[in-house]
Amino acid sequence: MQAFGNDYRCVRFTLPGFDVPDARKAYTLDDLTNFIARVVEQVSPHQPVILLLHDWGCLFGYQFAQRYPYRVASIIGVDVGDGSKRTPRGLGLTLAYQGWLALAWWLGGGLGNRMTRALMRLMHVPKSPAEVTAGMNYPYFLMWFGERVSYLRAARPFAPAGPMLYVYGQDKPLMFHTPGWLRRVQQRPGSRVVSFDTGHWVMLQQPERFNRVVKEWLRQGNQP
């Protein structure tokens, strides 16, 4: 916000389920894309927006862009592309940590919170464990156990309609994109892929370079 606020009108918001510490409601993909649509309509009713997305925000923002392409001018995606690389090792690691967090959401309460915070410490998540509760794990539960409202079932394959900047960290055990998806993004007019020598939290681990890369790409005309 500090880096871009002088040149752009920046709006950030909290996704449903991440604002109430003890909430355990699960929100479907329809719920979340409709929520983003309401935010965009409120803050920019007459002009498409630039989406800057990270982690689960990528999944939800990409799906919003699929459903409302006329509301999105360009996309900056950080470290999550078309999903995890499905090598046997990658699949095993994904199921291990996401299954643990899905179980933590299902159990809830003090046990669910302790399970969530223990994994945060193990994965060196750059956030205070006290700020995170098991209720924030509902995306993991719906991803794998949501049945008819599972994100796996409801999500559409994502291909950006307009220009996209995709930034990702190389220093981590899992890649959340496939090589083929990277190539398709790079081939789109105005799009770019940039790798960083970081982990999953690119914008926190190399903030100056991250901000510079994003600003340079936007100056090339990839904005409303």
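Bear in mind that the values here come from a model prediction, so they are computed numbers and not experimental data.
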### Task
Using side-chain hydrogen bond (donor to acceptor under 3.5 Å, both in side chains) as the criterion, list what pairs up with Thr33, not counting sequence neighbours.
Arg67
### Task
For Gly169 and Asp79, work out which heavy atoms get closest and say how close.
N-OD1, 2.8 Å
### Query
Got Val149 and Leu142 here, is their nearest side-chain heavy-atom distance under 4.5 Å?
yes
### Message
Minimum heavy-atom separation for Leu53 and Gly61, please, with both atom names.
### Response
CD1-CA, 3.8 Å
### Message
Suppose the criterion is ring pair (Phe, Tyr, Trp, His ring centres under 6.0 Å): which pairs have a residue in residues 116-136, not counting sequence neighbours?
### Response
none
## Note on the structure
Those residues at least two apart in sequence (or on a different chain) that pass side-chain hydrogen bond (donor to acceptor under 3.5 Å, both in side chains) with Thr28 are Asp31
### Task
Would you name the heavy atoms of Thr116 and Ala134 that are closest together and state the gap between them?
OG1-CA, 3.6 Å
### Task
Would you kindly say whether Tyr168 and His200 are connected by a side-chain donor-acceptor distance under 3.5 Å?
no
### Task
State, to 0.1 Å, how close Ser191 and Met164 come at their nearest heavy-atom pair, and which atoms those are.
OG-N, 2.9 Å
### Message
With no hydrogens and no angle check, just 3.5 Å: does a side-chain donor-acceptor pair link Asn113 and Thr133?
### Response
no
### Query
Would you call the rings of Phe141 and Trp105 parallel, tilted or perpendicular if under 30° counts as parallel and over 60° as perpendicular?
tilted
### Sequence neighbours excluded, every pair satisfying salt bridge (charged side-chain N to carboxylate O under 4.0 Å, His left out) that has a member inside residues 33-47
Glu41-Arg71
### Atom pair CD1 (Ile36) and CZ (Phe13), whose distance is rounded to the nearest 0.5 Å
5.0 Å
### Task
Anything under 30° is parallel, anything over 60° is perpendicular, the rest tilted; go ahead and classify Tyr151 against Phe60.
perpendicular
### Message
For Arg209, give me all partners under side chain to side chain contact (heavy atoms under 4.5 Å, CB included), at least two apart in sequence or on another chain.
### Response
Val194, Phe196, Gln206, Arg212, Val213
### Task
Can you sort out the partners of Tyr62 under ring pair (Phe, Tyr, Trp, His ring centres under 6.0 Å), two or more places apart, ordered by chain and number?
Phe158
### Task
Kindly write out the residues that satisfy ring pair (Phe, Tyr, Trp, His ring centres under 6.0 Å) with Phe4, not counting sequence neighbours, or none if the list is empty.
none
### Task
List in chain and number order the residues that pass side-chain hydrogen bond (donor to acceptor under 3.5 Å, both in side chains) with Tyr140, two or more places apart in sequence or in another chain; answer none if no residue qualifies.
Trp56
#### Entry: Pairwise salt bridge (charged side-chain N to carboxylate O under 4.0 Å, His left out) hits with a residue in residues 118-138, at least two apart
Lys127-Glu131
### Task
Please collect all salt bridge (charged side-chain N to carboxylate O under 4.0 Å, His left out) contacts where either partner lies in residues 138-148, sequence neighbours excluded, each pair once.
none
### Query
Can you list the residues that meet the ring pair (Phe, Tyr, Trp, His ring centres under 6.0 Å) rule with Phe64, with sequence neighbours excluded?
Tyr68
### Message
If hydrophobic clusters are built by linking Ile, Leu, Val, Met, Phe, Trp and Tyr wherever their side-chain heavy atoms come under 4.5 Å apart, do Val202 and Met1 end up in the same one?
### Response
no
### Query
Going by the salt bridge (charged side-chain N to carboxylate O under 4.0 Å, His left out) test, which pairs reach into residues 180-203, not counting sequence neighbours?
none
